[in-house]
Structure formats: C-alpha cells, structure tokens
J.: 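Okay, here's the structure, questions in a sec.
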Amino acid sequence: MTTTMMRLRQQLASPIYTSAIARIGSRAHHHRLPIAPPQKPRPNRTMSSSSSSSASDAAASAPFEKPRAVVKKLLAESQSEGQGATVRRSIGRHELRNLDPFLMLDEFSVSKPAGFPDHPHRGFETVTYMLEGAFTHQDFAGHKGTIRAGDVQWMTAGRGIVHSEMPAGDGVQNGLQLWINLSSNDKMMEPRYQELQSKDISRAEKDGVEVRIIAGEAFGVRSPVYTRTPTMYMDFTMRPGSELHQPVPEGWNAFVYIIDGEGVFGRDKSAPVGAHHCLVLGPGDGLSVWNRSGAPLRFALVGGQPLGEPVVQHGPFVMNSRAEIQQAMEDYYYGKNGFERATHWTSSSA
C-alpha cells in the first residue's frame, strides 16, 4: 500500500471525519435541495452613499412586515473531533444534515496537544472565525498563517487542499468553523484564501447593537470579503434592552448561532433562547431580535443563497455525484488533479 493511500485511509477513519461519514452511512447519499430564484452577487465594497446608508439604517431599525420566524431549534452538544479536540456541532448532525448552501457549523474548543492534523478537502469552503486564542494553518501549497481572536480565514478548497489546523498558544482556543458548499461550476477551481485581521473587519454600531460584518452588509456598512457562494455572516452583540431588525435577502436560507447570553428571536412573544443553540429561520424579510435579559447577547447571523444542487459528501470531499466522490478519492490517492503535492507533504505540526 502506498504512503498516500495509507494516509487517506487513516484520515477518513480519523475522528475528524467519522461523524461526517456516519451521517451518510457506508454509501454517499443524495440530498436534493430546493432551488432558489437566480440572484447575482452584489459588488463587494463598503457602502459609502448616504442614501444607501440611510435606507439600510432605516430597514435595520424598523420591525418587518414579514419577520423570519424560528422554524427549528437545536442545542449544539459537545462531541469529540479531530485529535483530542471538542466541538459543538449544529449543522451537520442527523437532525440538520445541511442547510443549503451550508454543510456544517462547529464551535470548537481545543487545547494543546489536541487539534486537526493533516487532512484533505475538495468542493467547498471553510470559514474559521476565532473567538478566543489562536490557530495556525499550514497547507501543501506552502501557505502558513496564524489567526487570533477576532480574525477570520476564508479558505476556498476548490479542487483540492491538504492542510492542518493546530492551536498556536497555551490554554483554550475557541472559535467557529463554517463549511459552505460550492456550486458545480466552482468545485474544481484553484484554491484561494482571504484572511482578515480583527482590525480590518468592518464594524458598525446603532442603538445599543454592535456588529462585526464578516460578509454582507449591516447598518449601511459592507464587508470587503468576496464570497463565491453569495453569503452574509455577522457577529452581533446586543446590550440589555436593545432590539435589532436585520434584513436578510429574499430566498436565502439563514440561521442564528448564539455564542453568549440569551435573547428573543423571530417573534416578539417567543421564549428566550440561550447559548450554543442554532436557530433555523423561515422565509421573510429579515430577523428581529430582542435582548430582554440583564446581560449582553452575542450571536452570529449567517445567510446564503441556496445552490439547489445535489449534495454528495464523503468525509472531507463534497461533490454533486458519487462518481465525482470516487474521482476525488482517486485523485488524492494518485496525487493528481489538484493533489499533486499531497504525496510527499507533511505539516510541521504532524
């Protein structure tokens, strides 16, 4: 057996992927997802027009005619993952296998020597947002970098990446990792990265609500991040007594992940929901939130335009058909079609 084949079998049998493979069983399953109306991504720039800002501010401060209600609530329970790491998984569990275009959401908690050693990806993007501590990423193309609290790495795996993600400091390293599917037209694109330090992330504040805009637009301010699959990703902190009305594009799927505190989401009379819950939102104009507690409320709001394509997943490979999954495994085994450097590369953290 070749070294590459041994590594492939070890990686696919590793706890990093056992839960993902268990979700789909011994064979890859098709999930036919609803097709959203075509929508072109808007230009990726910070909004500077006073008229545009005023319109956005007004929309974000007024209740909606058709607010998005919470249609599903999941408590993300802790589970082992990677090499000694712990994650709270919400999207990607059997109760919510995916939410087109989102494939997985983990809140990870890692201390040395635990982590996520060398493993491959193909066909989707990973968005890593550090909440506490620092993580170092290395890959077989020679890219290496460390993201710290408040930083973001937006990695488009495309046709293939082998990389490692390991804690860079002592103590607990905590963050969110989101997997976003790529369309069939983008699955075999060349890998690319967007890394933003905390100081470079767009921010806005209004009426007791602060927001860090990782992707998309809030309060008239837009993130510079370019998204292959049209996506919004925001980190909101609401002071006690504040309320928020954040527009979400029509036809997009959206969810909330509560990081800290508790709040009322969707409907004014709804019961408050606390930390580590994932809330799937139904159709409507946008999300309404009230913080009626005596402590700050922090949550991520994420939305994306559905791709409406079949999802076939086998561990770290996400494609549109079983034949494409087989091809991905063969490409990794033989070191071709994007995996040419996989055969001889090992990260310094392995």
Side-chain angles (χ1 to χ4, degrees), residues 1-30 81-83 85 92 103-104 115-128 135-147 153-166 177 179-195 228-229 309-350:
M1 184 183 296
T2 67
T3 302
T4 304
M5 188 59 177
M6 290 176 66
R7 288 175 63 188
L8 176 60
R9 290 191 176 182
Q10 290 169 356
Q11 289 161 354
L12 295 182
S14 162
I16 298 175
Y17 301 117
T18 50
S19 60
I21 294 172
R23 294 201 316 271
I24 58 178
S26 60
R27 296 185 306 150
H29 289 185
H30 289 267
E81 205 56 72
Q83 189 177 78
L103 302 165
M104 190 187 81
F116 305 94
D118 303 5
H119 57 280
H121 291 300
R122 173 180 279 184
F124 60 98
E125 299 181 296
T126 64
V127 182
T128 306
F135 248 57
T136 294
H137 158 99
Q138 299 180 54
D139 68 38
F140 68 3
H143 183 273
K144 182 177 180 178
T146 298
I147 54 174
Q153 184 203 62
W154 199 296
M155 183 185 84
T156 304
R159 64 189 304 190
I161 275 290
V162 178
H163 75 156
S164 67
E165 299 161 292
M166 302 296 288
Q177 186 169 94
W179 288 14
I180 306 175
N181 201 9
L182 288 170
S183 71
S184 55
N185 292 333
D186 291 331
K187 284 188 177 294
M188 294 298 287
M189 67 178 288
E190 290 296 323
R192 67 190 300 268
Y193 297 89
Q194 297 174 89
E195 291 186 355
R228 302 294 303 190
T229 301
E309 297 181 355
V311 175
V312 184
Q313 178 175 355
H314 190 70
F317 306 129
V318 183
M319 303 300 288
N320 297 109
S321 69
R322 292 177 184 170
E324 290 173 339
I325 291 291
Q326 183 62 40
Q327 185 65 54
M329 296 180 71
E330 181 179 312
D331 289 344
Y332 182 70
Y333 170 46
Y334 287 109
K336 62 179 185 178
N337 292 333
F339 287 111
E340 287 80 1
R341 288 168 285 198
T343 305
H344 305 292
W345 180 81
T346 301
S347 72
S348 61
S349 62

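Since this is a predicted model, take the numbers as computed values, not measurements. Nothing fancy with the numbering, it's 1 onward along the sequence.
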J.: Can you find a heavy atom in the side chain of Arg228 that is under 4.5 Å from one in the side chain of Met189?
T.: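 Of all side-chain heavy-atom pairs linking Met189 with Arg228, at least one is under 4.5 Å.
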J.: Nearest 0.5 Å, what's the CE-CG distance between Met188 and Asn337?
T.: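 With rounding to 0.5 Å, CE (Met188) is 5.5 Å from CG (Asn337).
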J.: Please name the pair of heavy atoms, one in Ala85 and one in Phe116, separated by the smallest distance, quoted to 0.1 Å.
T.: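 Taking every non-hydrogen atom into account, CB-CZ, 3.7 Å.
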J.: Considering non-hydrogen atoms only, spot the tightest contact between Gln83 and Pro117 and give its length.
T.: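 Closest approach of Gln83 to Pro117: CB-CD, 3.8 Å.
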J.: Walk me through whether Gln313 and Trp179 qualify under side-chain contact (heavy atoms from CB on, under 4.5 Å).
T.: CA-CA 12 Å; Gln313 178 175 355; Trp179 288 14; 3.8 Å; yes
J.: Suppose we screen for side-chain contact (heavy atoms from CB on, under 4.5 Å). Which residues come up paired with Gln326, at least two apart in sequence or across chains?
T.: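 None.
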J.: Any Lys/Arg nitrogen of Arg122 or Asp331 sitting under 4.0 Å from an Asp/Glu carboxylate oxygen of the other?
T.: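 Asp331 and Arg122: salt-bridged.
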J.: So how far is it from Thr156 OG1 to Arg192 CZ, rounded to the nearest 0.5 Å?
T.: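 One gets 5.5 Å once the value is rounded to the nearest 0.5 Å.
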J.: Measure the CH2-CG distance between Trp345 and Asp118 for me, rounded to the nearest 0.5 Å.
T.: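 Answer rounded to 0.5 Å: 4.5 Å.
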J.: Quick check: do Lys336 and Glu330 have side-chain heavy atoms less than 4.5 Å from each other?
T.: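 Result yes, sub-4.5 Å side-chain heavy-atom pair found.
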J.: Only one of His121, His143, Lys144 clears side-chain contact (heavy atoms from CB on, under 4.5 Å) with His163; which?
T.: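 One option only clears the test, and that one is His121.
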J.: State the CD-CD1 distance between Glu165 and Ile147, to the nearest 0.5 angstrom.
T.: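 Rounded to the nearest 0.5 Å, the CD-CD1 separation comes out at 8.0 Å.
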J.: Taking only residues two or more places apart in sequence or in another chain, which ones pass side-chain hydrogen bond (donor to acceptor under 3.5 Å, both in side chains) with Asp139?
T.: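 Listed in chain order: His137, Tyr193.
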J.: Of all the heavy-atom pairs spanning Phe339 and Gly160, show the shortest one and how long it is.
T.: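 Answer, listing the atom of Phe339 first, then Gly160: CZ-CA, 3.6 Å.
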J.: Look up atom CZ in Phe135 and atom OG1 in Thr128, then write down how far apart they are to the nearest 0.5 Å.
T.: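 Output value for this atom pair is 8.5 Å.
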J.: What I want to check is whether the side chains of Ser348 and Gln138 have a donor and an acceptor closer together than 3.5 Å.
T.: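 Result is yes, a qualifying pair exists.
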J.: To the nearest 0.5 angstrom, please state how far the CD atom of Glu125 sits from the CG atom of Leu182.
T.: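 If I round to the nearest 0.5 Å, the distance is 4.5 Å.
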J.: Considering all heavy atoms of both residues, which atom of Val318 and which atom of Lys187 are nearest to each other, and what is their separation?
T.: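 Taking Val318 first and Lys187 second, the nearest heavy atoms are O-NZ, 2.9 Å.
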J.: How close do Gly335 and Thr343 get, counting heavy atoms only, and between which atoms?
T.: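 That would be CA-OG1, 4.1 Å.
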J.: Quick one: do Asn181 and Thr229 satisfy side-chain contact (heavy atoms from CB on, under 4.5 Å)? Show the steps, please.
T.: CA-CA 8 Å; Asn181 201 9; Thr229 301; 5.9 Å; no
J.: Specify the closest pair of heavy atoms between Ser184 and Asn320, including all atoms of both residues, with the distance to one decimal.
T.: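 It is CB-OD1, 3.3 Å.
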